[in-house]
Participant: 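Before I ask anything, here is the structure I am working with.
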Amino acid sequence: MKPNILQLNPILIPAINDTLASRYTVHRLFEQNDKDAYISEHGASIRGVITGGHTGISNDLIERLPALEVIAVNGVGTDAVDLAFARSRGIPVTATFGALTEDVADLAIGLMLAVCREICAGNEFVKSGNWQKNPHPGALPLSRRLSGKRVGIVGMGKVGRAIAQRASAFNCPISYTDLRRMDDVPHPFVADLLSLARGCDFLVLAAAADKAQGIVNAAVLDALGKNGYLINVARGKLVVESDLVQALQGGVIAGAGLDVFVDEPNVPPALFDTDRVVLQAHRASATVESRTAMGEMVLASLEQALAGQRPEGSLTT
Ligand code: 8YV
């Protein structure tokens with residue numbers, strides 16, 4: 001009999017789904033209307049869980065899966081899994097570190113360019129026919145340059161470093177903050193987030209949200225200032241969203257490029273009607289390349305754990 005796997009989030013790569021189906025009986029919880037009843041029926045047989053970084057898994061659900069041998073996070077964020085709880089139960093938790101780095105960094109740069117060069121407003125201006133109606137060169141306001149602007153990176157892990165590498169190619173001076181200075185990073189370390197924000201034009205969030213919630217608040221946005229942009233490709237909960245809305249409405253900062261939000265997919269409507277904000281639907285890793293590599297890592301984690309081995313890169317065992 002094939003082992004039973006519980007899948008909490010869809011996987012968008014057909015070949016990965018085919019392999020999963022060939023090896024396991026896959027219980028797609030995200031397709032069930034009555035999830036509670038479904039778990040009551042199948043929970044006892046589940047040996048592996050696949051979830052998304054943002055979705056994670058609750059301790060309540062873990063407790064309802066007594067035969068669970070592995071939680072494979074199809075993402076790099078583990079903030080939605082209680083790692084200490086999983087560790088206390090001896091359940092390995094894996095993530096797809098390294099698989100999505102390039103794409104998340106690419107999107108960060110894309111958001112930086114989009115927001116300061118007002119690419120979305122320009123796109124709308126042409127497609128709506130407004131350029132033809134109003135061909136005056138001043139019909140759209142002048143935008144701002146990215147090249148050479150000071151970039152402050154919050155979280156100098158794999159993604160932060162990949163953003164730094166790309167921003168350096170735009171001749172942007174880089175500084176960063178993290179829990180500690182990193183000896184192998186050539187850029188200046190700024191211990192305190194307020195000082196980092198005060199000294200940069202783009203504040204780019206690439207940090208894990210396990211410990212850092214609400215760190216970007218009104219004071220940090222004030223320090224970033226009226227020519228500054230906030231970019232977030234990490235987690236919405238790093239930001240006090242109501243403070244961000246107020247800062248944008250009040251012209252406290254110049255703009256924001258956001259891929260992640262506190263309560264996805266519920267984005268504060270106040271962010272919709274301003275050209276100073278460019279929004280994405282949590283898509284930084286949503287490429288065929290990243291999602292294929294992520295899916296392969298998930299498959300490997302399941303295979304290793306269910307063969308009785310410690311999965312490579314387990315965070316808890
Ligand atoms: C994914 C993410 O969108 O890596 C993460 O932590 O949030 C994203 O890459 C998500 O995990 C897809 O399942």
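Remember, it's 1-based here, ligands and their atoms both numbered in the order they're listed.
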Participant: For Leu100, take its heavy atoms, then give the atoms of ligand 1 lying under 4.0 Å from any of them.
Facilitator: 4 (O), 9 (O)
Participant: Quick one: which ligand 1 atoms are inside 4.0 Å of a heavy atom on Gly77?
Facilitator: 4 (O), 5 (C), 6 (O)
Participant: Any atoms of ligand 1 less than 4.0 Å from a non-hydrogen atom of Val76? List them with their elements.
Facilitator: 4 (O), 5 (C), 6 (O)
Participant: Can a donor-acceptor pair be found, under 3.5 Å and without considering hydrogens, that links the side chain of Arg166 to the backbone of Arg161?
Facilitator: no
Participant: Starting from atom 3 (O) of ligand 1, locate the nearest protein heavy atom and write down its residue, its atom name and how far away it is, to 0.1 Å.
Facilitator: Arg291 NH2, 3.3 Å
Participant: For Glu312, is there any backbone N or O sitting under 3.5 Å from a side-chain donor or acceptor partner on Gln304?
Facilitator: yes
Participant: Please state which protein non-hydrogen atom is closest to atom 11 (O) of ligand 1 and give its distance, to 0.1 Å?
Facilitator: Gly53 N, 2.7 Å
Participant: Provide the number and element of each atom of ligand 1 under 4.0 Å from a heavy atom of His282.
Facilitator: 2 (C), 3 (O), 7 (O), 8 (C)
Participant: With no hydrogens and no angle check, is any side-chain donor or acceptor of Lys2 less than 3.5 Å from a backbone partner on Ala21?
Facilitator: yes
Participant: State the CZ-CD distance between Arg47 and Glu69, to the nearest 0.5 angstrom.
Facilitator: 4.0 Å
Participant: Any N or O of Thr51 that comes nearer than 3.5 Å to an N or O of ligand 1?
Facilitator: no
Participant: May I ask you to list the atoms of ligand 1 that are less than 4.0 angstrom from any heavy atom of Gly52?
Facilitator: 11 (O), 13 (O)
Participant: Please write down residue, atom name and distance for the protein heavy atom closest to atom 1 (C) of ligand 1.
Facilitator: Ser285 OG, 3.6 Å
Participant: Of all the non-hydrogen atoms in the protein, which one sits nearest to atom 12 (C) of ligand 1, and at what distance?
Facilitator: Asn74 O, 3.5 Å
Participant: Which ring-ring contact (aromatic ring centres under 6.0 Å, His included) pairs, counting each pair once, include a residue from residues 281-315, with sequence neighbours left out?
Facilitator: His54-His282
Participant: So does Gly129 get a backbone contact from the side chain of Lys133, meaning a donor-acceptor N/O pair under 3.5 Å?
Facilitator: no
Participant: Of all residues at least two apart in sequence or in a different chain, which pass the salt bridge (charged side-chain N to carboxylate O under 4.0 Å, His left out) check with Asp273?
Facilitator: none
